[in-house]
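Chain A is the first sequence line, chain B the second, and so forth, proteins listed ahead of strands; every chain is numbered from 1.
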2 protein chains.
Amino acid sequence: MTTETTETTKVAQRRVPLSRERVLHTAIQLADQGGIESLSMRKLGQELGVEAMAMYYHFANKDDIIDGIVDLVFSEIDLPAAGADWRAAMRQRAISVRDALLRHRWAIGLMESRRNPGPANLRHHDAVIGSLRAGGFDIAMAAHAYSLLDSYIYGFALTTMNLPFDTSEEVAEVAQGMLGPFPMNEYPHLVEMLTDHVMTPGYDFGDEFEYGLDVILDGLERARGRTAIRRSGTHRAR
Amino acid sequence: MTTETTETTKVAQRRVPLSRERVLHTAIQLADQGGIESLSMRKLGQELGVEAMAMYYHFANKDDIIDGIVDLVFSEIDLPAAGADWRAAMRQRAISVRDALLRHRWAIGLMESRRNPGPANLRHHDAVIGSLRAGGFDIAMAAHAYSLLDSYIYGFALTTMNLPFDTSEEVAEVAQGMLGPFPMNEYPHLVEMLTDHVMTPGYDFGDEFEYGLDVILDGLERARGRTAIRRSGTHRAR
DNA sequence: GTCCGGAACTGTACAGTGTAAAGTCGCGGT
DNA sequence: ACCGCGACTTTACACTGTACAGTTCCGGAC
């Protein structure tokens, strides 16, 4: 596969030794193509030309590996630019998170709940909070904004995650299949939305993301304005 | 444990026969107290006084059971009242979903991605869409609103799910533990938010939920208004 | 050259998982 | 008395994470 220049003469020769990095990269690769449940120690070892137990020299346990690949995903997310307008920065960052989650769907339930956050994770959080604070949000307001934005981003990813269709043509048959065993007129509004909207050509559920994102950013902008005014008598924000 | 009145004389006597309902209820109970990963066929059977394979007479496979308990959770959610103001209905429904997810944390990753939605699931979706439509949302706008609200609700539950603390006193030590291995001044904004806000007495992360919810409802109300005005020349909404 | 120590990995084992396939038991109907 | 069948059990298989002990190999000390 890779360049094996170090090979000299001996039989099987020393193979490339393991390393945290090498393990984590093929772990991500494995999870990307088969989902997180297809990432087993034995398959991972097999992919690396090594027995399953070999990884336990470099990692405490499987969770240690999961922590590692999650932080690698965090490192793929663009940090909000330091001097940028908070709104543009938050918008771009949200889209960057979503893109990363689209590349690594398996990460969706894992990113938010690590007990051992890695450095990329912490750096990400710090940069987002910093961007909000620089944009005039006080601490409480920044916490509100962060909670709201992250809930939406991860929630959208979660609800989108394994929609059983990718192309908009598939939507129709899937929707049929889901409603199949039930009488047609029992769920009129749901049927209407599916037939008159979702199954419409050109519909892409992914487009909903930016719509909702802008609604939230509008709301945050107005809330920030209210805070700033309320505070303007005591001290300027930042 | 329970009343065993049907016992008459014989040795072990015919036990209460299994049934979908009985299996699903103890399955929920098991998942509630030990998380979804502690719901195994053998433990479930043991709890029911039965071998693991006995359940396969009543269910196709484990996923069939998961489908069942997820729909039971849906049935616990209050449907939006038919004639109510859309905003009040959506607010109350969001809180009801969140409460159900707090009672059944294991359900969070499962509710949104069922390939075989049960009747309670479909009824829920239908009622929510119906409430929005009755409130003057056109189909596209109702879809936007639904996507936004559900993403937020499930996302908030997801990010809250396994915060490693319940009481606000625990927050401090956990935060310390997370930042422990890192230099203090590397993440100034994050540290500031933790020390000056999160670790403040009386702080409850759960309170963020309704704040963000109201920001979203405000945004939806304004967006709905814009649509209604744009449409007022052609036909009245609904 | 011989020996040692430890790094890096392998082998074996165990308790756990979902479930396919076949076997068993007892009751209701004829 | 017997059959059929519903309801459940037994056994088995392939898979999981990982504890623990054993092996192999390399660099340095003497």
Side-chain angles (χ1 to χ4, degrees), chain A residues 4 6-28 30-31 33-70 106 109-110 114-116, chain B residues 4 6-28 30-31 33-70 106 109-110 114-116:
Chain A
E4 299 181 354
T6 51
E7 218 91 346
T8 51
T9 49
K10 280 196 182 170
V11 204
Q13 192 59 11
R14 206 79 227 101
R15 74 189 125 232
V16 191
L18 283 187
S19 71
R20 286 200 143 241
E21 286 206 354
R22 217 158 71 79
V23 171
L24 292 179
H25 274 98
T26 83
I28 281 197
L30 228 98
Q33 67 190 30
I36 193 70
E37 71 279 4
S38 87
L39 172 62
S40 78
M41 299 304 276
R42 288 183 237 262
K43 284 198 203 124
L44 185 50
Q46 184 178 321
E47 208 76 11
L48 289 159
V50 125
E51 294 302 309
M53 290 309 291
M55 263 93 66
Y56 284 84
Y57 183 79
H58 304 272
F59 297 87
N61 46 35
K62 191 180 180 183
D63 239 51
D64 195 9
I65 295 182
I66 306 278
D67 282 338
I69 59 179
V70 165
W106 49 267
L110 304 173
R114 293 286 94 190
R115 269 163 169 66
N116 303 314
Chain B
E4 299 181 354
T6 51
E7 220 91 345
T8 51
T9 50
K10 279 196 182 171
V11 204
Q13 190 60 11
R14 206 79 227 102
R15 74 190 126 231
V16 190
L18 283 186
S19 71
R20 287 199 143 242
E21 287 206 355
R22 217 158 71 79
V23 172
L24 292 180
H25 274 97
T26 84
I28 281 195
L30 226 93
Q33 68 189 31
I36 193 71
E37 72 279 4
S38 86
L39 172 62
S40 78
M41 301 303 277
R42 289 181 238 261
K43 284 198 203 125
L44 184 49
Q46 182 177 320
E47 207 76 11
L48 290 159
V50 125
E51 295 302 311
M53 290 309 291
M55 263 93 66
Y56 285 85
Y57 183 80
H58 303 272
F59 296 87
N61 47 34
K62 191 181 180 183
D63 239 50
D64 196 9
I65 295 183
I66 305 278
D67 282 338
I69 59 178
V70 165
W106 50 267
L110 305 172
R114 293 286 93 188
R115 273 164 166 64
N116 301 315

Visitor: Can you find a heavy atom in the side chain of A/Asp63 that is under 4.5 Å from one in the side chain of A/Asn116?
Guide: no
Visitor: Strictly distance-based, threshold 3.5 Å: is any side-chain N or O of A/Lys62 a donor or acceptor partner for the main-chain N or O of A/Ser40?
Guide: no
Visitor: Hey, does A/Leu39 reach any base, or is it just sugar-phosphate, or nothing, if we go heavy atoms under 4.0 Å?
Guide: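 Result for A/Leu39 = sugar-phosphate.
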Visitor: Please report, rounded to the nearest Å, how far the P atom of D/dT10 is from the CD atom of B/Gln46.
Guide: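 About 14 Å, once rounded to whole Å.
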Visitor: Any residue in residues 57-65 of chain A with a heavy atom nearer than 4.0 angstrom to DNA chain C? Just list them by number, or reply none.
Guide: A/Tyr57, A/His58
Visitor: Measure the distance from CG on B/Leu44 to P on D/dC8 and round it to the nearest whole Å.
Guide: 13 Å
Visitor: Any side-chain to backbone donor/acceptor pair from B/Lys43 onto B/Leu30? Under 3.5 Å, distance only.
Guide: no
Visitor: Walk me through it: do B/Trp106 and B/Ile28 pass the test side chain to side chain contact (heavy atoms under 4.5 Å, CB included)?
Guide: CA-CA 9 Å; B/Trp106 50 267; B/Ile28 281 195; 4.1 Å; yes
Visitor: Tell me the interatomic distance from A/Ile36, atom CD1, to D/dT16, atom P, rounded to whole angstroms.
Guide: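 Those two atoms, CD1 and P, are 13 Å apart.
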Visitor: Indicate yes or no: does A/Asp64 engage A/Arg20 in a salt bridge with an N to O separation below 4.0 Å.
Guide: yes
Visitor: Return yes if the base of C/dG16 and the side-chain atoms of B/Arg42 contain a donor-acceptor N/O pair under 3.5 Å, otherwise no.
Guide: no
Visitor: Could you tell me the separation between the CD atom of A/Glu37 and the P atom of C/dT17, rounded to a whole number of Å?
Guide: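 One finds 18 Å between P of C/dT17 and CD of A/Glu37, rounded.
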Visitor: Rounded to the nearest angstrom, tell me the gap between atom OH in B/Tyr56 and atom C1' in C/dA20.
Guide: 10 Å
Visitor: If you assign each of A/Met53 and A/Ser40 to its closest nucleotide in DNA chain D, which residue comes earlier from the 5' end?
Guide: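 On the 5' side of the pair lies A/Ser40.
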Visitor: Side-chain contact test, heavy atoms from C-beta onward, threshold under 4.5 Å: evaluate it for A/Phe59 versus A/Val23 and give yes or no.
Guide: yes
Visitor: Just so I know, are the side chains of A/Asp67 and A/Arg115 near enough to count as touching, which here means a heavy-atom distance under 4.5 Å?
Guide: no
Visitor: Let me know the distance between CD of A/Glu51 and C1' of D/dA21, rounded to the nearest Å.
Guide: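 It is 15 Å, rounded to the nearest whole Å.
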Visitor: How many whole angstroms separate atom CD1 of A/Ile66 from atom P of D/dT16?
Guide: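 Interatomic distance, CD1 of A/Ile66 to P of D/dT16: 14 Å.
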Visitor: Rounded off to whole Å, could you give me the CE-to-P distance for the B/Met41 and D/dC13 pair?
Guide: 21 Å
Visitor: Let me check the geometry of the helix from C/dG1-D/dC30 to C/dT30-D/dA1. What is the bend angle between the axes at its two ends, five pairs each, to 10°?
Guide: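 The end axes of the helix from C/dG1-D/dC30 to C/dT30-D/dA1 are about 30° apart, to the nearest 10°.
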Visitor: Between B/His58 and B/Ser19, is any pair of side-chain heavy atoms under 4.5 Å apart?
Guide: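 Counting from C-beta outward, B/His58 and B/Ser19 never come under 4.5 Å.
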Visitor: What I'd like to find out is whether the side chain of B/Ile69 reaches to under 4.5 Å of the side chain of B/Leu110, using heavy atoms alone.
Guide: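 In short, these two side chains do not touch, never coming nearer than 4.5 Å.
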